[in-house]
Every structure is written in C-alpha cells, then in structure tokens.
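Working notes, structure below.
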Amino acid sequence: MPTIRTYVVVHDFGVAPNVDGSVCTLCLCKPRIRSASEVGDWVVGLWPVPHRYRVTYAMRVGRKLPIDEYYDCGEFDGKKPDRSRTPDNIYHRGSDDGWLRRDDTRVHEPPYDSWHDIKGKFALIADRFWYFGGTPRELPQHLRWLDLGDNRRGHRLKRVSDEELEALVAWLESSGHGVLGTPRDGRAHPSDETGSQHTSGGPSLTGGESGIAAGPQRCREDGDISARGCSDPTEGKVHVRICTAK
C-alpha cells in the first residue's frame, strides 16, 4: 500500500523543503521522515494551525541519498551556500570521516543543533512534487484524512489505498506541478541579522565567511552551545565542525 508521511511545516523559508533549480529536496530538519522514507513514499507538508488544511508542498520520493553523497555527487551543487540564498546542501565528511558544516551560510548556524540534521542520514529527492509555499491550496473535504489535528510536532504515517492516492494526485495535478509559489515566510533580506530560522524567526541568508572558522576549527556536541575540542568526542553523539570548504 502507498505510504504518506504528513507533517506541519512550521517555518517555510525555502530551505526545507528546498526547490532551488526546480528540484524539490528535503535534506534538513525532519530526521525521522528522512531516515524512514523509502523510494516511492510520499511526503506532504501542511500549514500550522489555524490553517491546518492548507498544503505547503507534496512530493514523491524518487531518490534517497546519504547526506555526504548528496554533497559530493555534484548534481546538487546549486543548493550549496555559494550558489543559493536558501541552501540545504551544507554538510559533508572531512578527511577524518567526521562531519563538517559550511560556514558561508546562516542557515542552521550554531547554536542550532546540527546533530538534528545529521541524524536524518539522508537527503530525499523528489521525482514528482508540488510546491505552493505562501500561495497554498486548501484540502477539499474528501482529502482531509491528511489532517494532523492540533499536532505541531512529529509526523503522521498513513498507508492509503491506491484510490486514495489517485484522488490526492488528481487534486494536486489540477493546479499544475513543480514550483507553484514562493516561500510562505519569505527569503530574508541580505542585511537581516536575525540569525537562524529556529532561534529567532528568520534566517539571514548572506554568503561569505561567518567568522566562526577564522581560527582553529571547532565543533559543537549534541546541541551544546559551548565549543568542544573535536579530538574529545563523546560516545553516541554527533560532532559537526565548522569549515570553509567550497
């Protein structure tokens, strides 16, 4: 039976999901969805309450790549910080096999919990998608089985019949397909200094050096905002170092 994972897109800045280059990807946030989804599964993002019947986007998973392969393959370089104001391709492996985070973006910058991104392990790439963003479509009555109620956290997994999926796809296709809107919460102005979308409501998406990596590389452990030496790992926790890699 087809599988659909539904969740609330609390913040929509064009980062997660990311539709740069008219390719829909989910590589940041939602680690459980990214790790559990398989090729052929569907992901649907809804607006928060009180607009919970509005659809931000829907995608069918066409490929599922490990995060480091997503970074290295070259196909998604347009989603890296030096080529995108809303990048999602910001993590890769270092020579010691540890995780590095690009420092030339303020998307999910420290003290954001980078481990939350990394533990999703995979990037999901759509082979079919509809991105409505700030110009959403409202679910008709016969499709409101997708509703999450008042829940704003986690996601809901539903195994649906072929007929239910066909009804959803027919409704989506009636609007066209691909990129059909712009991010609901806008793209931050280059002079914006508000910081991470998860800490103060909107990211500053400027390029260039952040200054964090000007000295020796540093890492942050499991959401701890204090810097720790990367030679002093803690078992069971992911370390992500700031880097200037291009």
Side-chain angles (χ1 to χ4, degrees), residues 2-48 54-81 83-91 105 107-108 117 120-139 143 146 148 155-158 160 165 168-187 197 203 205:
T3 297
I4 300 178
R5 289 179 169 82
T6 310
Y7 73 101
V8 173
V9 182
V10 178
H11 303 290
D12 176 27
F13 294 105
V15 176
N18 182 294
V19 293
D20 284 344
S22 296
V23 177
C24 183
T25 56
L26 187 64
C27 187
L28 304 179
C29 301
K30 311 312 297 181
R32 291 183 179 179
I33 288 179
R34 290 187 287 117
S35 61
S37 293
E38 299 296 341
V39 171
D41 288 354
W42 290 77
V43 179
V44 177
L46 302 177
W47 278 42
R54 296 180 179 181
V55 177
T56 298
Y57 82 108
M59 64 178 282
R60 184 176 70 181
V61 180
R63 283 185 287 171
K64 178 180 180 180
L65 296 180
I67 292 174
D68 49 344
E69 184 176 337
Y70 179 70
Y71 188 91
D72 291 335
C73 71
E75 183 179 352
F76 305 102
D77 284 354
K79 294 174 181 281
K80 291 179 178 178
R83 294 178 59 180
S84 170
R85 295 186 65 232
T86 53
D88 71 353
N89 199 353
I90 63 176
Y91 298 106
T105 179
V107 170
H108 289 196
D117 292 330
K121 298 181 181 180
F122 298 95
L124 305 181
I125 299 98
D127 59 3
R128 298 178 70 181
F129 77 95
W130 297 260
Y131 177 77
F132 302 106
T135 53
R137 293 198 66 194
E138 186 162 330
L139 289 168
L143 294 176
L146 283 167
L148 290 167
H155 73 277
R156 175 186 178 187
L157 183 151
K158 184 174 177 62
V160 300
L165 179 59
L168 172 62
V169 173
W171 174 74
L172 290 166
E173 287 283 14
S174 67
S175 293
H177 63 274
V179 180
L180 301 168
T182 57
R184 181 184 73 224
D185 299 312
R187 294 174 182 242
Q197 68 185 67
L205 303 172

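Note: hydrogens, waters and symmetry copies are ignored here, and every other heavy atom, side chains too, is used.
To the nearest 0.5 Å, atom CG of residue Asp41 and atom OG1 of residue Thr3 are 4.5 Å apart. A distance of 7.0 Å separates CG in Leu172 from CZ in Arg137, rounded to the nearest 0.5 Å. Here CG of Leu146 is found 8.5 Å from NZ of Lys158. Values are rounded to the nearest 0.5 Å. In this structure, Asp68 CG and Cys73 SG are separated by 10.5 Å, a value rounded to the nearest 0.5 Å. Within the model, atoms NZ of Lys79 and CG of Asn18 stand 3.5 Å from one another, a figure rounded to the nearest 0.5 Å. Between atom OG1 of residue Thr6 and atom CG of residue Leu46 there is a gap of 6.0 Å, rounded to the nearest 0.5 Å.
A donor-acceptor pair under 3.5 Å links the side-chain atoms of Arg34 to the main chain of Asp117, judged by distance alone. Using a distance-only test at 3.5 Å, with no hydrogens or angles considered, no donor-acceptor pair links the side chain of Lys30 to the main chain of Gly120. When atom types are taken as modelled, the side chain of Ser84 and the backbone of Pro81 share no donor-acceptor pair closer than 3.5 angstrom. A donor-acceptor pair is defined here as one N or O able to donate and one able to accept, closer than 3.5 Å; no such pair exists between the side chain of Thr25 and the backbone of Cys27.
Residues Val43 and Ser37 have side chains in contact (heavy-atom distance under 4.5 Å, counting atoms from C-beta outward). When side chains are defined from C-beta on, Thr135 does not count as touching Leu180, because their heavy atoms never get closer than 4.5 Å. Counting only heavy atoms from C-beta outward, the side chains of Arg54 and Arg184 never approach each other to under 4.5 Å. Under the 4.5 Å side-chain criterion, counting only non-hydrogen atoms from C-beta, Trp42 is in contact with Val169. Contact annotation: the side chain of Tyr131 approaches that of Pro17 to within less than 4.5 Å [non-hydrogen atoms, C-beta and beyond]. Counting only heavy atoms from C-beta outward, the side chains of His177 and Arg128 never approach each other to under 4.5 Å. Here the side chains of Ile90 and Leu28 are in contact, with some heavy-atom distance below 4.5 Å. Within the 4.5 Å cutoff, no side-chain heavy atoms of Cys29 are placed close to those of His11.
What you find for Val9 and Gly45 is that their closest heavy atoms are CG2-CA, 3.6 Å. Shown here for Phe122 and Ser35, the closest heavy-atom pair between the two residues is CD1-CA, 4.1 Å. Nearest heavy atom pair, residue Ala58 against residue Val44, reads CB-CG2, 4.0 Å. Considering every non-hydrogen atom in both Cys24 and Met59, the closest pair reads SG-SD, 4.1 Å. Residues Ala16 and Tyr7 come closest through the heavy atom pair O-OH, 4.4 Å. Across every non-hydrogen atom of Leu26 and Tyr57, the tightest pair is CD2-OH, 3.9 Å.
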Could you check Val23 against Phe129 for side chain to side chain contact (heavy atoms under 4.5 Å, CB included), going step by step and ending with a plain yes or no?
CA-CA 8 Å; Val23 177; Phe129 77 95; 5.8 Å; no

The test is side chain to side chain contact (heavy atoms under 4.5 Å, CB included); show your working for Leu168 and Ile4 and say whether it passes.
CA-CA 11 Å; Leu168 172 62; Ile4 300 178; 3.9 Å; yes

Between Phe76 and Asp88, is a side chain to side chain contact (heavy atoms under 4.5 Å, CB included) present by the stated rule, with each step listed?
CA-CA 10 Å; Phe76 305 102; Asp88 71 353; over 6 Å; no

Let me see the working for Thr56 and Asp12 under side chain to side chain donor-acceptor pair (under 3.5 Å), right down to the final yes or no.
CA-CA 8 Å; Thr56 298; Asp12 176 27; 5.2 Å; no

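Using a 4.0 Å cut-off between charged nitrogen and carboxylate oxygen, Glu69 and Arg63 do not count as a salt-bridge pair. Using a 4.0 Å cut-off between charged nitrogen and carboxylate oxygen, Asp127 and Arg60 count as a salt-bridge pair.
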